[in-house]
2 protein chains.
Amino acid sequence: MTSDESSDGPATDRAAFDALVEASFAVQGLLGRTADRHRLSLTQLRLLGILRDREPTMLDLARHLQLEKSSASGLIDRAEQRGLVIRKPGAQDRRTIRVAITPDGRKLIRRTERALAQPAAELLAPLTPRQRRQLTGLLRDLLGPDPLPSS
Amino acid sequence: MTSDESSDGPATDRAAFDALVEASFAVQGLLGRTADRHRLSLTQLRLLGILRDREPTMLDLARHLQLEKSSASGLIDRAEQRGLVIRKPGAQDRRTIRVAITPDGRKLIRRTERALAQPAAELLAPLTPRQRRQLTGLLRDLLGPDPLPSS
DNA sequence: TATTGTTATACTCTATAACTATA
DNA sequence: TATAGTTATAGAGTATAACAATA
């Protein structure tokens, strides 16, 4: 396999990407199952996560979640009906509304995040602490800087 | 073990899991966008990937995709209407049917996989070849053996 | 005119429950 | 009775297009 490794673009890339795809399904499955147990969809879990420390407009939200604005409307409709978020009138621009998490929503996201700790630990169990740090570093290099804080 | 490593569960775990979650959204987004361009949902992409080298029964398929059997029925209905898969009668047990990919389905999954190579390479671009191999190794340790070949 | 958000409509994906056919 | 699969039904999530209110 030395010739493999010396030329090592395509095969290495393919293996790395396949591993990432498998890992992504494992992680999404874990997130989805945990959210499900708390009667949340994955999208709603992301929504509440975003709203923990922000009160974005509908358009901000749609951009963060990569949704059409009409899809964001429906998402907020359903979350609002469940009492997890509220629509608040925008201050300057009266066309806008701001979406805020409610105390109930905050409780739910906290509970769900706590519940996430155990399956997360189980997922990471096969790795040593050193390997976990290595993995974190590699994934951070892969992902680059977090885009959310800026916008 | 240094004192760092002996204490270092929760914070390290949290950072590693957060990085995995972010990476999973990045990978799923990439997969979803590429599938979308080929008029496939993520589930259909997985379906065709499974069918490349298997002719599972509906129940096998439901298990592989972690779906209820009725959900698998609908999924196959839609894929069959598009000519991507066919239902074939099962051999011994006449209650079963086997799902097979069609030539059109095979063409489509091939095209989609080829289209995936470029964004995959872009995603991996920040890592050196050595880092890619490291990442692959870590993720394989994390995921354990592939469960599909056995079942 | 342009932008923000909602509504109307349609489709995919998913689940639960009831059903048919075969074992 | 038990299992494999389908159908009926419902709801979430998503998109496109048309619309209202505000800028």
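Per chain, numbering begins at 1; letters A, B, ... match sequence-line order.
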Listing time: all N or O pairs from protein to nucleotides 8-11 of chain C that are below 3.5 Å?
none

Set out, line by line, the N/O atom pairs under 3.5 Å between protein and nucleotides 20-23 of chain D.
| residue | atom | partner | partner atom | Å |
| --- | --- | --- | --- | --- |
| D:dA23 | OP1 | A:Arg94 | N | 2.8 |
| D:dA23 | OP2 | A:Arg94 | NH2 | 3.4 |

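A residue-by-residue look at B:Asp77 and A:Glu68 shows that B:Asp77 has its nearest nucleotide of DNA chain D further toward the 5' end.
Using a cut-off of 4.0 Å between Lys/Arg side-chain N and Asp/Glu carboxylate O, A:Arg87 and A:Asp77 are scored as salt-bridged. In summary, A:Glu113 and A:Arg52 engage in a salt bridge, as defined by a charged side-chain N under 4.0 Å from a carboxylate O. B:Asp36 has no carboxylate O lying under 4.0 Å from a charged side-chain N of B:Arg33, or vice versa, which leaves the two without a salt bridge.
Per the geometry, CZ belonging to B:Arg87 stands 4 Å off P belonging to D:dT6, to the nearest Å. D:dT6 atom C1' lies 15 Å from atom CG of B:Leu61, rounded to whole Å. For A:Lys69 and C:dT7, the NZ to P distance is 13 Å, given to the nearest whole Å. As a whole-Å value, the separation of A:Arg46 CZ from D:dT14 C1' is 13 Å. The CD atom of B:Gln66 sits 11 Å away from the P atom of C:dT14 (whole-angstrom rounding). Between B:Leu75 atom CG and C:dA15 atom C1' the separation is 14 Å, expressed in whole Å. Between A:Asp36 atom CG and C:dC13 atom P there is a gap of 18 Å when expressed in whole angstrom units. Regarding A:Leu42, its CG atom lies at a distance of 14 Å from the P atom of C:dA15, rounded to whole Å.
No side-chain heavy atom of A:Val99 sits less than 4.5 Å from a side-chain heavy atom of A:Asp60. Looking only at side-chain heavy atoms (C-beta outward), A:Leu47 and A:Ile76 come within less than 4.5 Å of each other.
Residue A:Ser71 places at least one side-chain N or O under 4.0 Å from the OP1 or OP2 atom of D:dA15.
The side chain of A:Leu67 lies closest to D:dT14, out of D:dT14, C:dA15, C:dG5. In this structure, the nucleotide among C:dG5, D:dG5, C:dT14 sitting nearest to the side chain of B:Thr57 is D:dG5.
Nearest heavy atom pair, residue A:Leu75 against residue A:Gln44, reads CD1-CG, 4.2 Å.
When hydrophobic clusters are built by joining Ile, Leu, Val, Met, Phe, Trp and Tyr residues whose side-chain heavy atoms come closer than 4.5 Å, directly or via intermediates, A:Val85 is not grouped with A:Leu59. Residues A:Ile50 and A:Leu48 share a hydrophobic cluster, clusters being chains of Ile/Leu/Val/Met/Phe/Trp/Tyr side chains in contact below 4.5 Å.
Across all strands shown, B:Arg39 has no heavy atoms under 4.0 Å from either base or sugar-phosphate atoms. Residue-level contact check: A:Arg82 touches neither bases nor backbone, having no heavy atom under 4.0 Å from any strand.
Put simply, CG on B:Leu40 and CZ on B:Arg46 are 13.5 Å apart, with the number rounded to the nearest 0.5 Å.
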